[in-house]
Chemist: 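So that we are looking at the same thing, I have put the structure below in structure tokens.
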Amino acid sequence: MNNLVKVENSKIEQTTILTLNRPEKRNAISIELINQLKVIIEKLHQDDETKLVIITGEGSAFCAGGDLNDFHGEIDQEKAHELLSQMQEVLWQITTLPMPTIAWMNGLARGGGMELASACDFRYVHESGNYGFTQGKLGISTGWGGGTLLYERIHSQEAYYWLVSADIRSAQVLKSIGFAQATFSTHQLELEHDLIKPFISRSLTQLKHWKSQWLQNQDLQKLKTKMDAEVEACSHMWVSDEHKEAVSNFFKRNKK
Ligand SMILES: CCC(=O)SCCNC(=O)CCNC(=O)[C@H](O)C(C)(C)COP(=O)(O)OP(=O)(O)OC[C@H]1O[C@@H](n2cnc3c(N)ncnc32)[C@H](O)[C@@H]1OP(=O)(O)O
């Protein structure tokens, strides 16, 4: 079995780095990748030693979103619901992990890649990347619960506008609207990086306490209900002609 998600445990720093490992597909999230991620995140829920989880991508991209070969335009509403639910569950499990999580966005992100980043507690973005909730241009909405999570991360007016405009934004803009905590310019993720150091230098007890406080500060039941509603809404849009045409245009464009 290919490791579509690489897992590196750093014992001294008590940090686990998860690297999406399909660089040739810009780390698009296939069904197989979802299954692997699910098992890894489930294990982290039982992990008493890891104090920080970092999610990043191999190669030039953080994540190009759902793999349009698996999440293709010809599936019916029920199947779309089933597939979207699987990744929504992964996002939910990431959101509720008992330790802080960081999306180390090493390069571009689109669609579901932005939803995945939204499930993390903090986001750091490569200064030369570009980033967009592009679902709107594909005739759908966010469908993994990431739209709901976006409203938790930035000002609601800004979240609403970003989802409607579906525009692709620079790292600097992500920082200015508060989606990203900071930008970085390095190519290799180092745990000694100034942006990671504050986490590493805190104790396991401190970090778990702050994470539990963070979770208590949110109405998790309400959040889950809203994420479920998002899956339902997106599954209906999935079967629209506009969406089918957008997916087919993407593959036609790539064949040219
Ligand atoms: C669940 C909701 C969703 O997430 S819907 C999906 C939203 N995502 C998108 O629409 C992104 C589609 N991809 C793109 O726009 C471009 O590929 C981006 C990500 C900008 C990268 O461009 P560029 O660096 O020029 O690479 P490229 O287009 O040549 O792609 C390289 C290979 O990767 C593939 N790829 C990319 N994205 C996806 C995807 N989402 N699903 C499936 N495959 C994807 C391309 O098809 C290409 O593959 P190949 O080399 O032609 O075999």
Side-chain angles (χ1 to χ4, degrees), residues 5 14-16 18 29 33-55 63 65-66 80-105 109 111-124 133 135 140-160 162-163 174 177-181 199 202-236:
V5 185
Q14 293 178 273
T15 295
T16 297
L18 307 182
I29 297 186
L33 194 151
I34 294 175
N35 289 336
Q36 291 187 20
L37 206 45
K38 201 169 162 218
V39 173
I40 294 163
I41 303 293
E42 267 169 17
K43 272 196 198 144
L44 282 167
H45 267 275
Q46 311 307 322
D47 184 327
D48 290 333
E49 280 163 27
T50 295
K51 64 180 186 185
L52 176 67
V53 173
I54 302 175
I55 302 180
C63 176
H81 192 282
E82 183 196 320
L83 291 181
L84 295 168
S85 295
Q86 286 174 21
M87 192 57 188
Q88 186 244 40
E89 182 55 29
V90 172
L91 259 61
W92 174 250
Q93 293 300 333
I94 293 173
T95 304
T96 55
L97 273 171
M99 67 289 279
T101 51
I102 290 176
W104 188 260
M105 301 175 75
M114 295 298 287
E115 299 195 50
L116 173 62
S118 302
C120 294
D121 302 335
F122 305 97
R123 282 150 296 282
Y124 297 107
F133 286 88
Q135 290 88 338
I140 52 173
S141 64
T142 49
W144 293 343
T148 301
L149 294 167
L150 179 65
Y151 276 92
E152 298 291 314
R153 306 296 178 235
I154 62 174
H155 193 284
S156 57
Q157 187 78 54
E158 190 62 63
Y160 183 18
W162 199 2
L163 294 174
L174 263 59
I177 61 172
F179 183 75
Q181 275 57 60
F199 294 91
R202 308 292 170 246
S203 71
L204 177 70
T205 312
Q206 284 176 302
L207 289 174
K208 287 208 161 175
H209 165 67
W210 285 316
K211 179 60 184 270
S212 124
Q213 219 170 30
W214 167 253
L215 290 176
Q216 278 165 20
N217 204 34
Q218 300 169 52
D219 187 336
L220 291 180
Q221 215 174 342
K222 222 172 174 182
L223 195 67
K224 182 70 168 76
T225 304
K226 285 192 274 184
M227 288 173 75
D228 288 344
E230 191 175 311
V231 172
E232 177 70 21
C234 185
S235 72
H236 286 281

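Since the structure is predicted, the reported quantities are computational estimates derived from the model, not experimental observations.
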Chemist: Just verifying a value: how many Å separate Ile55 CD1 and Leu18 CG, rounded to the nearest 0.5 Å?
Modeler: 5.5 Å
Chemist: Which label fits Tyr124 and Trp104: parallel for a plane angle under 30°, tilted from 30 to 60°, or perpendicular past 60°?
Modeler: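 Aromatic pair Tyr124/Trp104 classed tilted.
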Chemist: Do you know the tightest heavy-atom contact between Val53 and Leu44?
Modeler: CG2-CD1, 3.9 Å
Chemist: Would you find a donor on one side and an acceptor on the other, under 3.5 Å apart, between the side chain of Glu89 and the backbone of Gln86?
Modeler: no
Chemist: Output yes when a side-chain donor or acceptor of Arg202 lies under 3.5 Å from a complementary backbone atom of Leu207, and no otherwise.
Modeler: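 No.
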Chemist: Please check if any side-chain donor atom of Gln46 sits under 3.5 Å from a side-chain acceptor atom of Glu42, or the reverse.
Modeler: no
Chemist: Would you say that more than 12 heavy atoms from the other residues, nucleotides or ligands in this model lie under 6.0 Å from the NE2 of His155, or not?
Modeler: no
Chemist: Under 3.5 Å, is there a donor-acceptor pair between the side chain of Gln14 and the main chain of Glu49?
Modeler: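 Present.
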Chemist: Report yes or no: do Thr148 and Glu230 form a side-chain donor-acceptor pair below 3.5 Å?
Modeler: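 Per modelled atom types, Thr148 and Glu230 side chains form a pair under 3.5 Å.
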Chemist: For Asp48 and Lys208, which heavy atoms make the closest approach, and how far apart are they?
Modeler: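 Distance-wise, the nearest heavy atoms are CA-NZ, 3.9 Å.
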Chemist: What are the two closest non-hydrogen atoms of Asp121 and Pro100, and how far apart are they?
Modeler: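 Shortest heavy-atom contact: OD2-CA, 3.2 Å.
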Chemist: Might you point out which heavy atoms bring Gly146 and Phe133 nearest each other, and give the distance in Å?
Modeler: O-CE2, 4.3 Å
Chemist: Determine, step by step, whether Leu149 and Trp144 satisfy the side-chain contact (heavy atoms from CB on, under 4.5 Å) criterion, reporting the C-alpha distance in whole Å, the side-chain angles of both residues, the deciding distance to 0.1 Å, and the verdict.
Modeler: CA-CA 10 Å; Leu149 294 167; Trp144 293 343; over 6 Å; no
Chemist: Is there side-chain contact between Leu150 and Glu158, with heavy atoms separated by less than 4.5 Å?
Modeler: no
Chemist: Is there a side-chain contact (heavy atoms from CB on, under 4.5 Å) between Leu223 and Thr95 once you walk through the steps?
Modeler: CA-CA 10 Å; Leu223 195 67; Thr95 304; 4.3 Å; yes
Chemist: Can any side-chain N or O of Gln135 pair as donor or acceptor with the backbone N or O of Leu163 at less than 3.5 Å?
Modeler: no
Chemist: So does Asp228 pair up with Lys224, basic N to acidic O under 4.0 Å?
Modeler: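 Between Lys224 and Asp228 there is a salt bridge, with a charged N closer than 4.0 Å to a carboxylate O.
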Chemist: Restricting to non-hydrogen atoms, name the atom on Gly113 and the atom on Cys63 that form the minimum distance, rounded to 0.1 Å.
Modeler: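 For Gly113 and Cys63, the tightest heavy-atom pair comes out as CA-SG, 3.6 Å.
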Chemist: Give a yes or no on whether the backbone of Gly145 and the side-chain of Thr142 come within a donor-acceptor separation of less than 3.5 Å.
Modeler: no
Chemist: Is a donor on one side and an acceptor on the other found under 3.5 Å between the side chain of His45 and the backbone of Pro98?
Modeler: no
Chemist: In Å, rounded to the nearest 0.5 Å, how long is the span from CD of Glu115 to CG of Leu91?
Modeler: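 If I round to the nearest 0.5 Å, the distance is 6.5 Å.
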Chemist: Take His81 and Glu232 through the test side-chain contact (heavy atoms from CB on, under 4.5 Å) and record every step on the way to the result.
Modeler: CA-CA 6 Å; His81 192 282; Glu232 177 70 21; 3.2 Å; yes
Chemist: Does the ring pair (Phe, Tyr, Trp, His ring centres under 6.0 Å) test come out yes or no for Phe199 and Phe122, once each step is laid out?
Modeler: CA-CA 11 Å; Phe199 294 91; Phe122 305 97; 5.2 Å; yes
Chemist: When rounded to the nearest 0.5 angstrom, what distance separates CE in Met227 from CG in Leu220?
Modeler: 10.5 Å
Chemist: Could you give the distance from CD1 (Ile102) to SG (Cys120), rounded to the nearest 0.5 Å?
Modeler: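 So the gap between those two atoms works out to 8.5 Å.
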Chemist: Quick one, Thr50 and Thr15 - any side-chain contact, counting heavy atoms below 4.5 Å?
Modeler: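 When only atoms from C-beta onward are counted, Thr15 and Thr50 do not touch, as no gap falls below 4.5 Å.
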Chemist: Check whether any side-chain heavy atom of Ile40 sits under 4.5 Å from a side-chain heavy atom of Thr16, and report yes or no.
Modeler: no
Chemist: Measure from the side-chain N and O atoms of Gln218 to the backbone N and O of Trp214, and report whether any donor-acceptor pair falls under 3.5 Å.
Modeler: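 Pair found, side chain donor or acceptor close to backbone of Trp214.
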Chemist: Please give me the minimum heavy-atom distance between Leu97 and Ile41, naming the atom from each residue.
Modeler: CD2-O, 4.0 Å
Chemist: Start with the C-alpha gap between Met114 and Phe179, add the side-chain angles, then the distance that decides, and say whether side-chain contact (heavy atoms from CB on, under 4.5 Å) holds.
Modeler: CA-CA 10 Å; Met114 295 298 287; Phe179 183 75; 3.6 Å; yes
Chemist: Near Gln157 CD, under 6.0 Å, is it more than 12 heavy atoms from other residues, nucleotides or ligands?
Modeler: no
Chemist: Rounded to the nearest 0.5 Å, what separation is found between the CE atom of Met99 and the OG atom of Ser212?
Modeler: 12.5 Å
Chemist: Using a 3.5 Å distance criterion without hydrogens, assess whether the side chain of Lys51 forms a donor-acceptor pair with backbone atoms of Leu204.
Modeler: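 Not confirmed, Lys51 side chain does not pair with Leu204 backbone.
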